There are 2 protein chains.
Amino acid sequence: MEHLAHAAACYYRSFAVVAAGQGLTLIQGKMLSLLGRPLPMRALAELLGCDASNVTGIVDRLEARGLVRREAAPADRRVKTVVLTPEGEEAVRRIRADIVAGLPGLEQLDDHDRRTLQDLLDRAFPHTTG
Amino acid sequence: MEHLAHAAACYYRSFAVVAAGQGLTLIQGKMLSLLGRPLPMRALAELLGCDASNVTGIVDRLEARGLVRREAAPADRRVKTVVLTPEGEEAVRRIRADIVAGLPGLEQLDDHDRRTLQDLLDRAFPHTTG
DNA sequence: CTCGATGGTTGAGGTCATCAAGCAATAAAT
DNA sequence: ATTTATTGCTTGATGACCTCAACCATCGAG
């Protein structure tokens with residue numbers, strides 16, 4: 001049990017360090033990595049588990065750095081879709097690369113172990129239950 | 001890999017919800033669970049991976065709620081040792097109980113699976129490497 | 001005793017987080 | 001079609017977190 005706590009702490013610390021290496025916050029890095037495809041603000045709020053008004057500020061700051069762009073959705077003119085700019089995509093790529101580089105313990109697991117770990121995590125934290 | 005991200009996110013979300021259920025922040029709950037034995041502020045800062053000046057404020061708020069107490073260390077009058085009050089210990093107990101209750105997926109793993117998961121997490125996130 | 005290092009606090013500045021209130025646009029209802 | 005309710009996003013206020021620089025008190029060594 002505290003093993004889980006330790007693992008989660010290590011993962012997030014690594015993520016925070018990597019994000020900080022690019023002048024980003026943990027939550028900003030998290031948001032960028034969610035933007036594999038354009039998403040409306042509302043969807044981001046639910047994925048991040050926070051208030052919509054919070055997303056406004058985070059996107060503001062990311063937009064100010066040119067990592068993200070707000071686009072008006074044609075179907076529903078209320079929604080604003082958030083899209084990664086090329087610089088944003090580059091940032092995501094660097095974050096992913098740095099993350100795996102920053103978790104050397106993962107590299108030492110062979111394929112069988114990784115599949116086992118993946119399976120156990122899936123069962124312990126099913127995707128249906130937040 | 002994104003399985004890890006998902007598991008860590010689930011764990012922390014659950015922790016945050018449980019802590020919020022007692023009017024506590026995630027970081028406040030984390031600090032309380034670290035206080036199984038008295039620790040100086042400096043040690044807390046390193047364990048939490050944040051600045052020492054940050055710990056001051058968090059302990060301030062916990063102390064204001066009577067969950068924690070600052071004690072002067074006799075050996076070195078500079079250091080202040082943080083100690084759980086009985087109410088603090090009770091809060092930690094409730095947090096631990098609520099956490100396991102809030103992760104039903106963990107209950108469905110048998111002993112063998114749990115040992116395997118524990119072993120894999122230990123290897124992926126060794127205790128020597130923060 | 002002086003000097004440098006250490007533990008903790010303070011203050012300024014920025015980010016995150018929630019809530020209440022507001023505006024614009026959609027959807028539903030009579 | 002006009003009203004009504006709902007939805008998506010923003011704004012403002014408030015509080016907690018986080019870091020940095022500066023500060024004070026204490027310790028340790030020369």
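Residue numbers start from 1 in every chain, and the chains themselves are labelled A, B, ... in the order their sequence lines are given, proteins ahead of strands. The structure displayed is predicted, hence computed values, not measured ones.
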Which residue pairs pass the salt bridge (Lys or Arg N to Asp or Glu O under 4.0 Å) test when at least one of the two sits in residues 51-74 of chain B, sequence neighbours left out?
-> B:Asp60-B:Arg70, B:Glu63-B:Arg70, B:Arg69-B:Glu71
Taking every non-hydrogen atom, the tightest pair across B:Leu48 and B:Met31 | CD1-CE, 3.5 Å
Give a yes or no on whether B:Leu62 and B:Val92 share a hydrophobic cluster (residues Ile, Leu, Val, Met, Phe, Trp, Tyr; joining criterion: side-chain heavy atoms under 4.5 Å apart).
-> yes
Over all atoms of both residues, closest heavy-atom pair of B:Thr116 and A:Thr116 = CG2-CG2, 4.0 Å
Mind checking salt bridge (charged side-chain N to carboxylate O under 4.0 Å, His left out) for B:Glu90 and listing every partner two or more places apart, or none if nothing turns up?
-> B:Arg93
Residue pairs involving residues 26-45 of chain A (criterion salt bridge (Lys or Arg N to Asp or Glu O under 4.0 Å); sequence neighbours excluded) | none
Name all residues meeting the side-chain contact (heavy atoms from CB on, under 4.5 Å) criterion together with B:Ala7; count only those two or more places apart in sequence or in a different chain, and write none if there are none.
-> A:Leu121, A:Phe125
Without swapping roles, check the side chain of A:Thr81 against the backbone of A:Pro40 for a donor-acceptor pair under 3.5 Å.
-> no
With sequence neighbours left out, write down each residue that passes side-chain contact (heavy atoms from CB on, under 4.5 Å) with B:Ala16, or none if nothing qualifies.
-> B:Leu26
Who are the side-chain contact (heavy atoms from CB on, under 4.5 Å) partners of B:Asp111, not counting sequence neighbours?
-> B:Arg115
Taken in chain and number order and not counting sequence neighbours, the residues that satisfy side-chain contact (heavy atoms from CB on, under 4.5 Å) with A:Ser33 are A:Phe15, A:Arg96
For chain B, the stretch of DNA chain D it reaches, first to last nucleotide, under 4.0 Å of its heavy atoms = D:dA16 to D:dC27
Short N/O separations, protein against nucleotides 1-3 of chain C, under 3.5 angstrom:
none

Taking only the side-chain nitrogens and oxygens of B:Arg70, find out if one of them lies under 4.0 Å from OP1 or OP2 of C:dT9.
-> yes
Polar pairs (N or O, both sides) under 3.5 Å between protein and nucleotides 27-29 of chain C?
none

Apply the side-chain contact (heavy atoms from CB on, under 4.5 Å) test between B:Ile58 and each candidate in B:Thr56, B:Asn54, B:Val55; give the one that qualifies.
-> B:Asn54
Sequence-distant partners of A:Asp119, salt bridge (charged side-chain N to carboxylate O under 4.0 Å, His left out), two or more places apart = A:Arg123
Sub-3.5 Å pairs of nitrogen or oxygen atoms, protein against nucleotides 14-21 of chain C:
residue, atom, partner, partner atom, Å
C:dT15, O3', A:Thr25, OG1, 3.4
C:dC16, OP1, A:Thr25, OG1, 3.3
C:dC16, OP2, A:Arg61, NE, 2.7
C:dC16, OP2, A:Arg61, NH2, 2.6
C:dA17, O5', A:Asn54, ND2, 3.3
C:dT18, OP2, A:Asp51, N, 2.8
C:dC19, N4, A:Ser53, OG, 2.7

From CD of B:Glu46 across to P of C:dT6 the rounded distance in Å is 12 Å
